[in-house]
Amino acid sequence: MITAHTDGGPRFGVLLRLGIVLLILAVGTGGVLLLRAATSPETGPPSTENLAATIPAADVDPGEVTPASAAAHLDSPRTSGGDPLRSWATGLAAPTGIPARALMAYGNAELVLRTEDPGCHLSWATLAGIGRIESDHGRFGGATLNDDGRPSRPIIGVPLDGSAGVRAISDTDAGRFDGDDRVDRAVGPMQFIPSTWHRWAADANLDGRGDPQQIDDAALAAGRYLCAGGRDLAVPADWWAAVFSYNNSLPYGQKVFGLADGYARTAG
């Protein structure tokens, strides 16, 4: 969850973007989920709290080394037919245990940031590490990722009410995204707090709006967030600073490290 916790916690084609051919996930149209109508904090899906409890923390000191993911990047597309991003994700889904639809979102975010911010050196594997901890790649609470990139049921975090282990964040979205008009909750596969989403919202699937529950949008927004401030994620200090900006917890960072490193080595 971005900045909240204080402990561990369709067909697609090649489109022009920023004058360079990138794979942008062009999925169907749809609006931002208005969760107040779909769920309430009392009756909605379970929160993502403690999702990472069974994930081991890597035995590594922060700032000293980057995971293998820092050097694991997608090859540039070299195909005249089909969807190379989908093919890549489909082939990697079983070995990594990551749904192909989630892998497409992480890979797309890397490709976009490669042009927008090439000095950041964002890898899909780092996003995957975070996505595993935050929502099990959009599968938390029995959800599945639909082909449009949205979970079958909204993913909503714990109330940020100042109770043990969480910050107190008053409502900033009138319950629009999180269904709670008292305090904020992190939402979507990458667990954005509504106020943070307001600043970093992305429209990766090009449907005209940003939706934190839509994994392409959420992964791209998370990538931009990690790259903020001129960070170079190939540099150990910057990689760790980026992950700690997401959740300022040593066990969290070590878990993301272990996951990202494992995913990258599996893909390599």
Side-chain angles (χ1 to χ4, degrees), residues 1-9 48-74 96-98 102 106-107 109-110 113-114 117-137 140 157-158 160 164-169 186 188-193 195-197 199-200 218-268:
M1 181 193 304
I2 294 178
T3 71
H5 284 289
T6 56
D7 58 0
T48 58
E49 191 73 1
N50 298 323
L51 183 62
T54 62
I55 300 173
D59 185 14
V60 59
D61 291 329
E64 293 189 358
V65 65
T66 59
S69 65
H73 298 280
L74 291 170
T96 60
I98 303 172
Y106 303 144
E110 178 189 316
L113 266 297
R114 189 181 297 177
D117 191 357
C120 176
H121 301 110
L122 174 74
S123 167
W124 64 270
T126 291
L127 289 173
I130 291 173
R132 168 64 179 89
I133 292 177
E134 298 295 349
S135 72
D136 193 18
H137 312 297
F140 180 76
V158 297
L160 302 177
V166 298
R167 290 173 54 192
I169 302 180
M190 303 303 282
Q191 289 288 277
F192 271 90
I193 297 169
S195 58
T196 308
W197 180 255
R199 177 178 179 183
W200 295 97
L220 179 55
R224 288 170 173 166
Y225 183 91
L226 293 170
C227 291
R231 295 188 187 110
D232 179 354
L233 303 193
V235 175
D238 283 2
W239 187 92
W240 286 93
V243 173
F244 285 150
S245 75
Y246 220 91
N247 187 321
N248 191 19
S249 157
L250 178 57
Y252 183 91
Q254 292 172 324
K255 291 180 179 189
V256 173
F257 182 102
L259 288 163
D261 191 71
Y263 290 146
R265 294 183 187 279
T266 298

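No hydrogens, no waters, no symmetry mates; every other heavy atom, side chains included, goes into these values. Along the sequence shown, residues are numbered consecutively beginning with 1.
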At their closest point, which heavy atom of [X] faces which heavy atom of [Y], and how far apart are they?
X      : Y      : value
Cys227 : Leu113 : SG-CD1, 4.0 Å
Met190 : Ala219 : CG-N, 4.0 Å
Val243 : Gly253 : CG1-CA, 3.8 Å
Gly157 : Gln191 : CA-OE1, 3.5 Å
Thr96  : Tyr263 : O-CE2, 3.6 Å
Ser249 : Pro251 : OG-CD, 3.2 Å

To the closest 0.5 Å, what do you measure between [atom1] ([X]) and [atom2] ([Y])?
X      : Y      : atom1 : atom2 : result
Tyr106 : Thr126 : OH    : OG1   : 11.5 Å
Leu226 : Trp200 : CG    : CH2   : 9.5 Å
Asp61  : Asp59  : CG    : CG    : 7.5 Å
Arg231 : Tyr225 : CZ    : OH    : 7.5 Å

*For the pair Asp238 (side chain) and Leu233 (backbone), establish whether a donor and an acceptor sit closer than 3.5 Å, ignoring hydrogens and angles.*
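No; zero donor-acceptor contacts below 3.5 Å.
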_Under a 3.5 Å distance rule, please check whether Glu64 uses its side chain to pair with a backbone N or O of Pro236 as donor and acceptor._
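No, Glu64 side chain to Pro236 backbone: no donor-acceptor pair under 3.5 Å.
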_Set of side chain to side chain donor-acceptor pair (under 3.5 Å) partners for Asp232, sequence neighbours left out_ = His121
_Single hit among Val256, Leu259, Ile98 for side chain to side chain contact (heavy atoms under 4.5 Å, CB included) with Arg132_ = Leu259
*Tyr246 and Tyr252 aromatic ring geometry - parallel, tilted or perpendicular at 30°/60° bounds*: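 Geometry flag for Tyr246 against Tyr252: parallel rings.
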*Using the ring of each side chain (for Trp, its six-membered ring), is Phe257 parallel, tilted or perpendicular to Trp240, with breaks at 30° and 60°?*
parallel
*Contacts of Ala267 that satisfy side-chain contact (heavy atoms from CB on, under 4.5 Å) - sequence neighbours left out*: Leu92, Trp124
